[in-house]
Amino acid sequence: MPESPVEYEYRSDFLREAQARGLIFQATDPEGLDAACRAGPIAAYIGFDATAASLHVGSLVQIMMLRLLQRHGHRPVVLLGGGTTRIGDPSGKDESRRMLAAEEIAANLAGIRRVFDPFLGAGEVRFVDNAEWLDALGYIELLREIGPHFTVNRMLTFDSVRLRLEREQPLSFLEFNYMILQSYDFRELFRRHGVRLQMGGSDQWGNIVSGVDLVRRTDRAEVWGLTTPLLTTASGAKMGKTAQGAVWLTADRLAPFDYWQFWRNTEDADVPRFLRLFTDLPLDEIARLAALEGAEVNDAKRMLATAATALAHGAAAAAAAEAAARATFGEDACGAGADLPTVIIPAAELAAGVAAFRLFAEAGLAASLGEARRLIRGGGARLNDAVLGEEARPVTEADLRAGVIKLSAGRKHHRLVRPG
RNA sequence: GGAGGGGUGCCCGAGAGGCUAAAGGGGGCGGACUGUAAAUCCGCUGGCGCACGCCUACGUUGGUUCGAAUCCAACCCCCUCCA
């Protein structure tokens, strides 16, 4: 990992705000970059590999960075890694990933592409797939043209490589090449679209610096790199992982209600930082919220949750999630919030009677039937707000209240079941 | 190339023929307390209509045994020392 953030007083609007919000970890040549940003609109990119069909909170800092760039009148470019995904980035990973099939990558690309719409849809944004040039690249051609500019000595010193070696984990030659291709991407984007800045997580520093070097050597042009800090919660946990899986940014993977809940449950100590990073709220407003203490922090958490959810799912969905939360957790909790995530189960199934543990698993409140059983055994499962005592208690139409059944796993996880 | 040591569940790590679905910790989930927070305390933590039982799991493959994470063989990978 890079040692320390670069302390530099930025003067361009974009970088100043990025810095104030805590989005900047380090940059190559901060002065030069700052000057370029002040001179006029700059095109900057961040790459996203297609390892899954959607993106989760782990990528949110990058997305917010592009959004901020766009808001300041610059030109965001989203590089989709249709080509590099076939290699696999070793950065920050102890083990090689399994190789993805071409169809899988194609499907993932389409899914990821959609994630950006709510965040960047308001302005200009360019999407580029590096398969466009990487697929056509010949091996000998690449070696001759790019190879001379990389020394193995140097490559071995980069964290992505070094850590894998130190941790006794194999690094395949395939992965070893990743940094070269990412550098090639930067140069290609510079040549094709005038991109002069690559941003990314701090684990990308080595790859980014390589690209900057390559462009300088072969094109004798000045381009820059900028990284965002690696985010952990105040208690030190990696961000965005829950038992049910990652905190996804799209509704098909994680209901807006649950997304809202994720932010609502932020630790106190993280609230000001998250407000700056993950919302567009003005900094002076955030300063006011950050000053709240004790139970009042909850007001700030609600603001955070609603603002963050609005960015990913739209203002309406965010408001609905907030309303559902009020109905579910508030003083006047009337039981079933109408906007809780709803699961449809076949009416016939309900007519025949479903074992409670099975229903919990089907509703997504437990990862397996066994987990559902344990949940009920432990007294954490409720049906229409009444604690379930028996795992296999049959659930039938008789349990419908106003057409739905409310299931709860613990205080925080709720689902409505509707026959259909 | 030679000699030692090692690869265990989501992670770290103990176990050295049956009492082992595998100690302990971390993480996660649930409960209590709270402010839908943190800290703390308690419980749960492979799958299966599951008190029985069956299946899967201790690098891989094969073997010894009534019985193997534990013994043997070959192979793969990692570490240390020597060359």
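All values reported here derive from a predicted model rather than from experimental measurement. Naming convention: chains lettered A, B, ... in sequence-line order (proteins, then strands); numbering from 1 in each chain.
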Inset, instruction - Consider the side chain of A:E267, meaning its heavy atoms from C-beta on, and name the nucleotide among B:A37, B:G30, B:U36 that approaches it most closely. - result: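 The nucleotide sitting nearest to the side chain is B:A37.
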Inset, instruction - Go through B:C48, B:A37, B:G49 for me and flag the one nearest to the A:S368 side chain. - result: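 Selected nucleotide (nearest to the side chain): B:C48.
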Legend entry - Between A:S202 and A:Q26, a side-chain donor and acceptor under 3.5 Å: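 Their side chains do not contain a donor-acceptor pair, so the 3.5 Å distance test is not met.
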Inset, instruction - Go through A:R401 and A:D385 one step at a time and tell me if the salt bridge (charged side-chain N to carboxylate O under 4.0 Å, His left out) criterion holds. - result: CA-CA 11 Å; A:R401 297 289 123 84; A:D385 297 312; over 6 Å; no
Nearest whole Å is fine: how far is [N] [atom2] from [X] [atom1]?
X      : N     : atom1 : atom2 : result
A:L304 : B:A37 : CG    : P     : 15 Å
A:L375 : B:G28 : CG    : P     : 17 Å
A:R373 : B:G43 : CZ    : C1'   : 19 Å
A:K301 : B:U34 : NZ    : C1'   : 11 Å
A:E293 : B:U34 : CD    : P     : 21 Å
A:F357 : B:C50 : CZ    : P     : 8 Å
A:N265 : B:U36 : CG    : C1'   : 5 Å
A:L369 : B:G46 : CG    : C1'   : 13 Å

Inset, instruction - Could you check A:R253, A:R415, A:R264, A:K412 and say which one makes a salt bridge (Lys or Arg N to Asp or Glu O under 4.0 Å) with A:D258? - result: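 So the option named by the test is A:R415.
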Does [X] put a side-chain nitrogen or oxygen below 4.0 Å from OP1 or OP2 of [N]?
X      : N     : answer
A:R411 : B:A32 : yes
A:H414 : B:U36 : no
A:K412 : B:A37 : yes
A:R374 : B:G47 : yes
A:R358 : B:G49 : yes

Legend entry - Pairwise 5' ranking along RNA chain B for A:A392 and A:R302, keeping only the more 5' one: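 Taking each residue's closest nucleotide, the earlier one in sequence belongs to A:R302.
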Inset, instruction - Validate the cation-pi geometry between A:R373 and A:F357: distance from NZ or CZ to the six-membered ring centre under 6.0 Å, angle to the ring axis within 45°. - result: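 The answer is yes; both the distance and angle limits are met.
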Legend entry - Rounded P spacing from B:G25 to B:A14 in Å: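 Here B:G25 and B:A14 have their P atoms 15 Å from each other.
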Inset, instruction - Could you tell me which non-hydrogen atom of A:L249 sits nearest to which non-hydrogen atom of A:A312, and how far apart they are? - result: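 It is O-CB, 4.0 Å.
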Legend entry - Nearest non-hydrogen partners of A:P229 and A:L23, listed with the distance: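 The pair with the smallest heavy-atom distance is CD-O, 3.3 Å.
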Inset, instruction - Kindly indicate whether the side chain of A:E371 and the base of B:U45 share any N or O donor-acceptor pair separated by less than 3.5 Å? - result: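 A donor-acceptor contact between them is absent.
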Inset, instruction - Pick base, sugar-phosphate or nothing for A:G410, based on heavy-atom distances below 4.0 Å to the nucleic acid. - result: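 It contacts sugar-phosphate atoms only.
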Inset, instruction - Mind checking which stems touch RNA chain B? I mean at least 3 consecutive Watson-Crick or G-U pairs, both distances under 3.5 Å. - result: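 Only these stems qualify: B:1-7 with B:76-82, B:10-12 with B:24-26, B:27-32 with B:40-45, B:46-48 with B:53-55, B:59-63 with B:71-75.
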Inset, instruction - Report yes if some heavy atom in the side chain of A:F150 is under 4.5 Å from a heavy atom in the side chain of A:D213; otherwise report no. - result: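 A:F150 vs A:D213: side chains apart.
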